[in-house]
Amino acid sequence: MSVPEYFLLEDGDRLPRIGFGTWQASDEVLEKAVDTALACGYRHFDSAQAYENEAALGRALQRWIGGDAAKRKELFVVTKLPPGGNHPELVEEYFETSLRDLGLDYLDLYLIHVPFAFEHIPGDLHPKNSDGTMKMDTSTDLVAVWKAVLKLKESGRVRHVGVSNMNEEQISRLCKVSKPECLQIEVHALCQQVPLIATANKFNIPVVAYSPLGSKALADALAAKTGREYPDLLQLPTVQRIAEAHGRTPAQILLRQLLQRGVAAIPKSTNPERIKQNISVWDFQLSDGEMAELAALDRGERGRICDFSFFMGIEKHPEFPFKK
Ligand SMILES: NC(=O)C1=CN([C@@H]2O[C@H](COP(=O)(O)OP(=O)(O)OC[C@H]3O[C@@H](n4cnc5c(N)ncnc54)[C@H](OP(=O)(O)O)[C@@H]3O)[C@@H](O)[C@H]2O)C=CC1
Ligand SMILES: O=C1CO[C@H](CO)[C@@H](O)[C@@H]1O
């Protein structure tokens, strides 16, 4: 089956289905990686204020744009409102900080990063109590935050707005105000999010898969916390066998499965060869049988690696999105 390289959004904007992830890439390394990614054809870049590297991303993008408005239009730049910004009266301030750090005069997509709120403490994106638990604001009014994000779109400084890490109930609640234009969630071979993607498809909301390769960083953090080893998706026998059959790499198989499920993916790499590899996924296709074998790897909720358990106490927040 052929897969379009973009989601078509309103106003004819195009959301490239392979994007470039930036979490846990330090400034200098990130700038070089973004230069490579741009040269390889990436035009969708995923960031977040929480990654604390928006300025580095912005510098690399500005070099490539070179003041040319047509080149800026080629890019699809995404960033996210952090948990400390989940207060309606603070959305504008947090947004302006990201836009300034990115050095852009508009953003293509702004996402509510998570549905729960931390206290707003200037200069501290992950405020903690003395016992290590997060300083949460349990009075989060998610609809009011969403309305404040929608106002940014009305102002023209954001072209599209969406959400991340939200469950079906939260998505339905926000859809009553205005449908999110994108849902960014963890999706990969062991956490295939079949029900949530079905809901997104029902609302015609494009889904973008984060940690599409199983995120070594998150898997290691989970293993350190739970003592539960998390499998390396790239080493899964089924993935390796199908990769062998196609003369492709395991990563390309994992990404192609997502594309053929109608989901976009934002793999992160700072290695030039792997950056190139991750966007070279358009010239082969997986058979129905191979797709069925990959679908059988799903562990549903048990396959989740990003459960925010490193934010101690977060599961007590009324808007914690995942099954406890
Ligand atoms: N909305 C949210 O809450 C979240 C959003 N995200 C976004 O999603 C992006 C991707 O997810 P992320 O968690 O980073 O993890 P990924 O699933 O993208 O995996 C990244 C890891 O895989 C390695 N890798 C990349 N390409 C290959 C390849 N072709 N072969 C083998 N190994 C490879 C990278 O190492 P190397 O660099 O050495 O190649 C890195 O260690 C993030 O960067 C971020 O932008 C992530 C988590 C949560
Ligand atoms: O985007 C993200 C990158 O991963 C982090 C650790 O899970 C998250 O906090 C954040 O949601």
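Both ligands and their constituent atoms are indexed starting at 1 by order of listing. Only heavy atoms go into these numbers, but all of them, side chains included; no hydrogens, no water, no symmetry mates. Residue numbers start at 1 and run along the sequence shown.
In this structure a side-chain-to-backbone donor-acceptor pair under 3.5 Å is missing from Arg43 to Glu74.
At a heavy-atom cutoff of 4.0 Å, ligand 1 is surrounded by Gly21, Thr22, Trp23, Asp46, Tyr51, Lys80, His113, Ser164, Asn165, Gln184, Tyr210, Ser211, Pro212, Leu213, Gly214, Ser215, Leu234, Ala251, Ile266, Pro267, Lys268, Ser269, Thr270, Asn271, Arg274, Gln277, Asn278.
The single protein non-hydrogen atom nearest to atom 8 (C) of ligand 2 is Phe308 CE2, 3.9 Å, given as residue, atom name and distance. The nearest protein atom to atom 6 (C) of ligand 2, hydrogens excluded, is given as Phe310 CZ, 3.1 Å; this is a heavy-atom distance.
Using bins of under 30°, 30° to 60° and over 60° for the plane-to-plane angle, the ring pair His113/Tyr51 lands in the perpendicular bin. Below 30°, between 30° and 60°, or above 60°: for Phe116 and Phe320 the angle between ring planes is below 30°, a parallel geometry. Below 30°, between 30° and 60°, or above 60°: for Phe76 and His44 the angle between ring planes is above 60°, a perpendicular geometry.
Interface of Leu218 with ligand 2, defined as ligand atoms under 4.0 Å from a residue heavy atom, comprises 6 (C), 7 (O). Atom numbering of ligand 2 starts at 1 in the shown order; those under 4.0 Å from a heavy atom of Cys306 are 7 (O).
When the shell of 6.0 Å around CD of Glu28 is examined, it contains 12 or fewer heavy atoms from other residues, nucleotides or ligands. Crowding of Lys135 atom NZ: a count of heavy atoms from other residues, nucleotides or ligands under 6.0 Å exceeding 12.
Applying the salt bridge (charged side-chain N to carboxylate O under 4.0 Å, His left out) test to Glu92 and every residue at least two apart in sequence or in another chain returns Arg157.
By the 3.5 Å distance cut-off applied to N or O atoms, Asn165 is not counted among the residues near ligand 2. For ligand 2, one of its N or O atoms has an N or O atom of Tyr51 under 3.5 Å away.
Salt-bridge formation is detected for the pair Arg304/Glu301: a Lys NZ or Arg NE/NH1/NH2 atom is positioned less than 4.0 Å from an Asp or Glu carboxylate oxygen.
Taking a 4.0 Å cut-off on heavy atoms, Phe311 registers as neighbouring ligand 2.
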